[in-house]
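Scroll down for the structure; my scribbles are underneath it.
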Amino acid sequence: MTGGSRRNARSRIKSPADDDDDRNESSLRQTKPDLKLRRDRGRNQDSIRIFNVDLKVMLGCTVVAFFVMWFFIYDLVSPTEESHKPRVITPFPSPKVTDLPQFQGEHKESLYWGTYRPHVYLGIRARTPRSLVAGLMWIGIKDGRYFMRHVCQDSDDLSKYGWTQHNGHDFGNQVIVDKDMTLTTSFLKLKQEGSGYGGDWAVQVDVQKDEGMQSEDSGGAGHLFFYLADEDGSVLSLGRDTLDIHDSLLTSGSRADVGSWQLHLKSQDDLEVHYSGFRTPHIHNLSDLVQQSLATQARKFGRLELPDTSELSPNIAVFQISARIPFKIDIAFVSGVGLKSSEVEKRISSLTGTSLTSQLKEKQEYFDTLFEKKFNMENKVDLESVAAGKFALGNMLGGIGYFYGQSKISFPRDPNVGTRDNFISYWPAELYTAVPSRPFFPRGFLWDEGFHQLLIWRWDIHISMDIVGHWLDLMNIDGWIPREQILGAEALSKVPEEFVVQYPTNGNPPTLFLVLHDMIHGLKENKFNSVERNKIISFLERAFVRLEAWFQWFNTSQSGKEVGSYYWHGRDNMTRRELNPKTLSSGLDDYPRASHPTEDERHLDLRCWMLLAADCLHSITELFEKNEFGKEYGNTAKRLSDFKILNEMHFDDAYGAYFDFGYHTEKVRLSWKEIMNGNNYASRELVREVLENPKLRLVPHIGYVSLFPFMRKIIPPESWILGKQLDLISNRSILWTDFGIRSLARSSSMYMKRNTEHDPPYWRGPIWMNMNYMILSALNHYSKEDGPFKDRARTIYNDLRSNLVRNVVGNYHRSGFLWEQYDQKNGKGKGARLFTGWTSLVLLIMAEDYAGT
C-alpha cells in the first residue's frame, strides 16, 4: 500500500493475543447484571473504567499558454499577499470539475445524506463541511468484561462485519457478528413531500442472539447507543427530563441546510431508554465521553446507564436503548419540519415499522437484480462466489466517505519568521471518495482510488465521475495532488502525527488515468446511454486541463536523466537501517529497487504509468478532435511503447525479464551492531551493511515491476519475449502459486526479507489483488491475439483466474472478510482484514470484465 502512515500502520498490526494483553492492563471485571437492563460495557480499545476514575515530452501550448496567461492576469488583478502565497498551497487555476451542472441540482441533493463515515460501524452524515452526524455504538462482552463498539478496529475481534448490500445512494444493509450477538443495520433514504434538503432517512437495527453459542450475559440484555451531533455547534433540544418510548421524539433542532428536523425512535419491543447531552467542539472521541459517563454512573449506583441529564446547550445527544434480545428498533430522521403533527406522523410512519421493513426488502431485491444485470456472472461462478462478490461491491459502496479539512504539506521552516512547524496547510477542501479499509485506512489514497473506480463506474458512472472530480479538484497550481488525504479531526485521529505530512516532491501512481481510459473505451464500445455519454464528455472536457497539468507534473518532476526515463522521488539515500530504501511513492513500498538511490535510476513501473497517461490524453484529444494537441500525446505514447527502446533500457536477455536500472549491489545485509547513543549508552540495533560498491546496472529482482510491460500490453503477441513472460508467470519456483501470482520471485535475494527490524516483508512475496487483476487482463488480451502464445496465455489465464477466485472466496466464507493480501504459501488472508479496496476487484475477475477490453 502507499504512504508512510499506511506502511507503518501495517507494521504495527498486532495479533489477537497482543490485543488481549493490552486490554488486560486497563480492563475491569463485569459487574453483577442489573435486572432492569441498566448496564453498559464499552470502550473502543480498552474496557470501561468503571472503578478506576481516572519524457521530457512536448506537452504543447495547452498547459504552458494557460499558465502564462493565468500568472499575467493574476498578478495584474490581485497583487496582494494572497498572490504570493507558496505555490504548493495555491489551487489549480481552472473551474472545478465538481462545479459542473451534472454534479449539482438533483444529483447533489440525492447524495446529500449517506453512510459517509466509513471508520465507524454505522455512521451517517451529509456531504457538507459541518454536518449533522449520526452513529451507533453498542456494548459487547468478552471474557467477562464490557467493551464499547463504535470505531471499526481489529481489537474488537468481531467475527464479521461489512455491508452485504449497498447501492451508494439511498440503501444499505450490513451484518455485524459480535460473539453470540448479531446486529443487522439497515439504512434507507427517502425524499417525501415537505422534506428538507436531501430528504429524510431511517436506520433499522435488528439485534439477534445465536442460541447455539453460550452467552456471557446471563441477563440476555442488549444495549445500543444511538447519537446525533451537530458539527456546527447548534443546540439540540432534548425536550424533556424523562423519555417516554410511546412519545417517539428523541431530539430536534434546526439548521440552514435542512430546515427544522426531528429524530424519532419506534419499536414494537419493550425498551428502556436513557440519554445524555454533551457540549464539545468535536466528536472523534465521543465514545470516551459516553464511557466516562457510564463509569461515573456505575460507581455511584452500580448500574451501567446514562444519567438522563444534559450539559448546557448540548450539540450532541446520545440515547441508550436497552432491551432483552431479540429486539428491533427503527430510528427516523425527518427534516423540513415546520409542520403539523399529523404530517410529521405520516412521514415517520413511512420510515418505521412495516413500511420501513417492506421498503428495505424491495431495495434488497432490486440490488440483487441490478447486480446480476451489471456483472452477468451466470455460469461463470458458483453461488458462494456470488455472495462474496456482493459483499465486495456492497462494502466498497458502503465504504465511500465524505471528508473536509486541510492536508499538511511539508514546507521548509522560515528562520526569519521563526516558524516552528515544518509544514504548511493546504487550502480547506472536501473529498468524496472510497476508502481501502474501514478499520485501518478509512481515508482517501490516490493510487488506490483508480482501482476502486474500475468497480464503481460499472455500478454507477455518476458516482464514479463525482469521486474522480473531487480528486482532480485537489490539484495545486503545479499539477500535484497529495497522495494521502487525511482531512478533518476524525480522519486525523486514526493516523500517527508523524505520518500526516505530505511531500510535494513525491507522486503516486496516476491510476485515475486507468479508469478514465476505461471509460473512454466504454464510449467507443457504446456501453453508455445517450445521457451518460453526454455527461462523460462534459466531464472529460472540464477535466482535461487538469489531467494535462497532472501529466506535466510527472513528466518534469519525476523525469530521469535519459529521455523517456522516470524515477520515483522520495527514496532515502542516507538510510542506515533499511535493507533496501523504500519507494513509498510508487505504492509498492518495500519492493526491491536499486540498492543506492540516485538520479540515474530508471523505474520501469513509472514509465508504464506514464505510457498509460499519455495514451489516455491522446484518446481524449481524439474524442474531441483536438488533433494539434493529440499528436503530441500520441507521439509520447508511441515513444514510451517503442519496443526496441524499452528493451534497450530495461530488458535483460539472460533472465528474459524486465528490470529497473540504477546503482545497485546485491551484497547488502542487515546486521546487529552496538550503537553508542548520547550519555555513552550503547544499544543493539539492526543496521544496513554494504559489502561491495554498487554499479550502474539492471536491478535483478523479478516480480510485479518486471511484469509492467506485460500488464500494459506493450509486448508484441508474436515476440519470443512474450513467451518468456509466460514462463516467469507460470513457474512455481519463480512467481506462480496455487493462490495467485506472488509479488516477488522466490529466487530473489530479497524474497520475504524484512526491510528493517520493525518492517516485515510487504511487497516481497504476498499476493495482491490489484496486480493480479492487471496480469489477468493482459493474459485475457494475449489469449485473443493471433500469435504463437495465444493458447498458452488462455490456459494460464483460466488457471490463474480459478486460483484467485477460489482462494479469495474461500477466505471470505471462512473468516468473514476480504483481506489486504494473501499468503503465497497457504493462501491465507494477511494484513488488514475488511480490506475491501482493490481486493474487491475479485468481482470483476469473476465477471471476466477487464479494463480496456
Side-chain angles (χ1 to χ4, degrees), residues 2-3 89 91-119 125-131 168-169 198 396-407 409 426-436 441-457 459-477 479-488 490-491 502 508-516 519 535-536 538-547 549-550 837:
T2 180
I89 57 169
F92 188 80
S94 77
K96 287 185 175 181
V97 178
T98 53
D99 284 345
L100 279 168
Q102 68 194 59
F103 299 126
Q104 308 306 312
E106 184 179 347
H107 169 89
K108 189 170 186 176
E109 185 175 4
S110 72
L111 291 172
Y112 193 65
W113 292 107
T115 54
Y116 300 140
R117 301 175 63 218
H119 64 293
R125 66 167 294 128
R127 293 203 316 170
T128 190
R130 301 187 68 79
S131 169
H169 272 278
M396 172 67 81
L397 294 166
I400 292 175
Y402 174 89
F403 307 91
Y404 183 84
Q406 293 176 266
S407 293
I409 311 300
Y426 223 45
W427 63 87
E430 61 180 352
L431 181 61
Y432 172 60
T433 184
V435 305
F441 312 118
R443 52 193 177 276
F445 289 86
L446 182 53
W447 99 289
D448 296 63
E449 200 57 40
F451 292 107
H452 298 164
Q453 295 313 310
L454 290 176
L455 179 58
I456 291 176
W457 86 251
W459 177 259
D460 191 313
I461 188 67
H462 309 289
I463 288 178
S464 187
M465 287 191 293
D466 200 341
I467 288 174
V468 174
H470 273 84
W471 274 100
L472 294 178
D473 285 347
L474 292 171
M475 182 177 291
N476 75 3
I477 193 172
W480 174 72
I481 303 173
R483 61 196 178 95
E484 182 174 353
Q485 297 294 323
I486 312 167
L487 306 179
E490 287 196 282
Q502 303 293 293
N508 220 197
T511 57
L512 296 184
F513 283 111
L514 195 63
V515 65
L516 294 175
M519 287 182 188
K535 288 183 177 181
I536 294 170
S538 295
F539 172 82
L540 293 173
E541 284 179 324
R542 175 65 65 88
F544 186 66
V545 66
R546 291 176 181 266
L547 296 173
W550 198 23

Inset, instruction - Quick one: list whatever passes salt bridge (Lys or Arg N to Asp or Glu O under 4.0 Å) with E109, sequence neighbours left out. - result: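 Testing E109 for salt bridge (Lys or Arg N to Asp or Glu O under 4.0 Å), a comparison that skips the adjacent residues, returns K191.
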Legend entry - Partner set under salt bridge (Lys or Arg N to Asp or Glu O under 4.0 Å) for E449, not counting sequence neighbours: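 E449 satisfies salt bridge (Lys or Arg N to Asp or Glu O under 4.0 Å) with no residue once adjacent residues are dropped.
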Can you confirm whether [X] sits close enough to [Y] that some side-chain heavy atom of one is under 4.5 Å from a side-chain heavy atom of the other?
X	Y	value
V515	T511	no
L397	D460	no
F445	N508	no
F441	P118	no
P436	H452	yes
F539	L516	yes
F513	L547	yes

Looking at [X] and [Y], what are the two nearest heavy atoms and their distance?
X	Y	value
A549	F92	CB-CE1, 3.4 Å
L487	A429	CD1-O, 3.9 Å
L472	A543	CD1-CB, 3.8 Å
L446	W550	CD2-CZ2, 3.9 Å

Inset, instruction - Classify the ring geometry between Y426 and W480 as parallel (under 30°), tilted (30 to 60°) or perpendicular (over 60°). - result: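 Aromatic pair Y426/W480 classed perpendicular.
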Legend entry - Heavy-atom donor-acceptor pair, R443 side chain to V435 backbone, under 3.5 Å: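 Absent.
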Inset, instruction - Spell out, as yes or no, whether a donor-acceptor pair under 3.5 Å connects the side chain of Q502 to the backbone of P482. - result: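 No, the answer is negative, given that no donor and acceptor are paired below the 3.5 Å cut-off.
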Rounded to the nearest 0.5 Å, what separation is found between the [atom1] atom of [X] and the [atom2] atom of [Y]?
X	Y	atom1	atom2	value
S464	I400	OG	CD1	9.0 Å
H462	W457	NE2	CH2	12.0 Å
H169	S110	NE2	OG	5.0 Å
Y402	L111	OH	CG	12.5 Å

Inset, instruction - Walk me through it: do V468 and Q453 pass the test side-chain contact (heavy atoms from CB on, under 4.5 Å)? - result: CA-CA 8 Å; V468 174; Q453 295 313 310; 4.0 Å; yes
Legend entry - Set of side-chain contact (heavy atoms from CB on, under 4.5 Å) partners for H470, sequence neighbours left out: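 With sequence neighbours excluded, H470 shows a side-chain contact (heavy atoms from CB on, under 4.5 Å) to T98, R127, E430, L431, Y432, D466, given in chain and number order.
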